[in-house]
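Beneath this line is the structure, given in structure tokens, with notes to follow.
What you see is a predicted model; the values in this text were computed from it and never measured. To find a chain, count down the sequence lines: A is the first, B the second, and so on, and within it residues start at 1.
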2 protein chains.
Amino acid sequence: MPVRVLLVDDDDLMRAGLRSILASDARIEVVGEASGGRAAIGEARSLTPHVVLMDVRMPDLDGIAATREVLSTAPDAKVVILTTFENDEYVFGALEAGASGFLLKRTSPEGLIGAIHTVVAGDALLSPSVTRTVIDRAARQPRPAAHTARDLGRLTPRERDVLELVARGLSNAEIAEALVVEETTVKTHVKHLLGKLGLRDRVQAVIFAYESGLSTPGSQG
Amino acid sequence: MPVRVLLVDDDDLMRAGLRSILASDARIEVVGEASGGRAAIGEARSLTPHVVLMDVRMPDLDGIAATREVLSTAPDAKVVILTTFENDEYVFGALEAGASGFLLKRTSPEGLIGAIHTVVAGDALLSPSVTRTVIDRAARQPRPAAHTARDLGRLTPRERDVLELVARGLSNAEIAEALVVEETTVKTHVKHLLGKLGLRDRVQAVIFAYESGLSTPGSQG
DNA sequence: AAGCGCCTCCTCCCCGGGGAGGAGGGCGAG
DNA sequence: CTCGCCCTCCTCCCCGGGGAGGAGGCGCTT
């Protein structure tokens with residue numbers, strides 16, 4: 001039974017190239033292609049590939065977000081990021097999204113084929129130069145976080161107020177009391193900020209607050 | 001100019017085997033051997049190898065400590081850990097000590113030779129199965145702190161598991177899936193841990209996790 | 001004047017989550 | 001052996017919170 005592979009890249013030529021490289025291994029079958037993140041999500045669902053080779057930079061939805069989506073609907077699939085750029089944001093974004101591999105496009109054809117078999121075996125793999133940066137973060141952990149500030153900027157002042165209180169563990173009723181508005185108003189603000197930040201519920205909002213630096217450990221008892 | 005390599009392993013046969021493998025590559029020269037950590041430190045100083053292949057389990061001084069010592073006196077040297085055991089303590093100990101690679105002894109001869117050239121190029125490299133654990137730690141993050149131990153200590157292991165996933169923003173259903181138990185079981189654990197910690201709901205549990213150091217900013221996206 | 005974003009508030013609806021209480025099995029300590 | 005803790009799972013119940021949709025007022029820009 002061959003390994004089912006889905007190719008995701010906005011560049012037609014790149015997909016064709018990958019297809020021809022993978023054709024050299026009889027244990028690998030390319031079951032489909034997608035030229036964007038949105039399409040990839042649909043294809044991943046309908047084609048049930050074992051491995052998704054995913055580009056990062058794509059017009060409609062980037063590879064990181066697409067990876068997150070694909071894995072949420074198909075947790076058994078393995079996603080290998082394939083990109084030209086070695087970029088910390090990409091690397092950690094991809095890994096946090098659940099990617100099993102992060103390869104640079106300068107990888108050899110044999111390396112790519114080997115990578116596919118490696119991830120189906122349940123192991124992970126990174127390009128050597130990427131490994132360096134990952135190790136640095138695993139050994140001692142700094143923290144970048146740049147895009148979260150941008151997301152916060154999308155919130156209105158009132159929404160930020162509410163988020164802050166949500167992150168303190170207050171209920172909607174308590175927030176309403178604190179801000180001297182009705183509870184329904186609070187619910188509206190919460191609804192909006194969850195939507196803007198792409199979060200499911202207030203639990204994830206608390207996590208977001210801490211991860212983005214809006215809240216910090218020690219800021220309360 | 002060949003790559004100068006120092007072999008460190010308490011097993012004579014292993015050193016002989018490594019020597020013969022490396023002999024197949026003309027770009028590599030084995031300049032010395034050591035059968036223990038203490039000896040390795042001295043040899044590394046006098047022989048100025050580019051790469052040290054270091055075993056972990058050794059009688060007098062283990063490979064992790066030896067790595068730390070070697071690199072403190074010869075920061076330009078690259079240390080590659082070579083071990084039979086894939087052990088989290090070894091892996092992170094080695095990486096924190098500054099090792100450039102962590103290979104299992106089941107690595108192929110070609111892989112070993114490739115590894116040496118990889119690290120001299122300034123890159124790092126891990127065995128695939130090790131990569132998996134390193135990624136997990138780089139993506140999510142590390143350890144509880146000491147002062148939470150009192151409160152956390154009141155929780156059963158299972159309750160701590162659940163708290164950790166609650167703090168990641170998972171719903172009860174998702175936690176159930178992750179732990180392979182029924183949702184009702186998860187609800188029971190959640191109920192108990194909330195009671196023990198004196199918290200009202202899972203939102204406050206997330207806050208507790210961050211404030212206590214169980215979760216840390218940077219541990220997720 | 002028209003349009004837009006923000007804040008405020010509303011209703012209807014549904015679900016996830018937490019409370020209460022109970023039950024069986026495994027396992028270690030006394 | 002028995003007691004007690006832990007893990008597992010169950011039912012019944014209720015409420016908080018989030019989704020959908022709408023509305024009025026205010027102040028900004030065009």
Taken to the nearest whole Å, CD/Gln204(B) to P/dG17(D) is 11 Å

Counting primed atoms, P, OP1 and OP2 as sugar-phosphate and everything else as base, the B/S/- map of nucleotides 8-13 of chain C against protein heavy atoms under 4.0 Å is BBBB--

Whole-Å distance, Ile175(B) CD1 to dG16(C) C1', equals 12 Å

Arg200(B) CZ to dG19(C) C1', in whole Å, measures 15 Å

Pairs under 3.5 angstrom only: tabulate donor-acceptor contacts from the side chains of residues 117-126 of chain A to other protein residues two or more places apart or in another chain.
unit_1    : atom_1 : unit_2    : atom_2 : d
His117(A) : NE2    : Asp25(A)  : OD2    : 2.9
His117(A) : NE2    : Arg27(A)  : NH2    : 3.1
Thr118(A) : OG1    : Gly114(A) : O      : 2.9

When rounded to whole Å, the CG to P distance for the pair Leu193(B) and dT8(D) reads 13 Å

Listed pairs under 3.5 Å, donor-acceptor, residues 14-22 of chain A side chains, sequence neighbours left out:
unit_1   : atom_1 : unit_2   : atom_2 : d
Arg15(A) : NE     : Glu33(A) : OE1    : 2.7
Arg15(A) : NH1    : Asp9(A)  : O      : 2.7
Arg15(A) : NH1    : Asp12(A) : OD1    : 3.4
Arg15(A) : NH2    : Asp12(A) : OD1    : 3.2
Arg19(A) : NE     : Glu33(A) : OE2    : 2.6
Arg19(A) : NH2    : Glu33(A) : OE2    : 3.2
Ser20(A) : OG     : Gly17(A) : O      : 3.2

When rounded to whole Å, the CZ to C1' distance for the pair Arg202(A) and dG16(C) reads 13 Å

Applied to residues 198-209 of chain A, the side-chain hydrogen bond (donor to acceptor under 3.5 Å, both in side chains) test, sequence neighbours excluded, yields Asn172(A)-Arg202(A), Arg200(A)-Glu174(B)

With sequence neighbours left out, the residues meeting salt bridge (Lys or Arg N to Asp or Glu O under 4.0 Å) with Asp62(A) are none

With the side chain defined as heavy atoms from C-beta on, Lys196(A) is closest, among dG18(C), dG18(D), dC6(C), to dC6(C)

If each end axis of the helix from dA1(C)-dT30(D) to dG30(C)-dC1(D) is fitted on five C1' pair positions, the angle between them, to 10 degrees, is 40°

In whole angstroms, the gap separating C1' of dG17(C) from CG of Leu170(B) amounts to 15 Å

Taken to the nearest whole Å, CG/Asp201(B) to P/dG18(D) is 10 Å

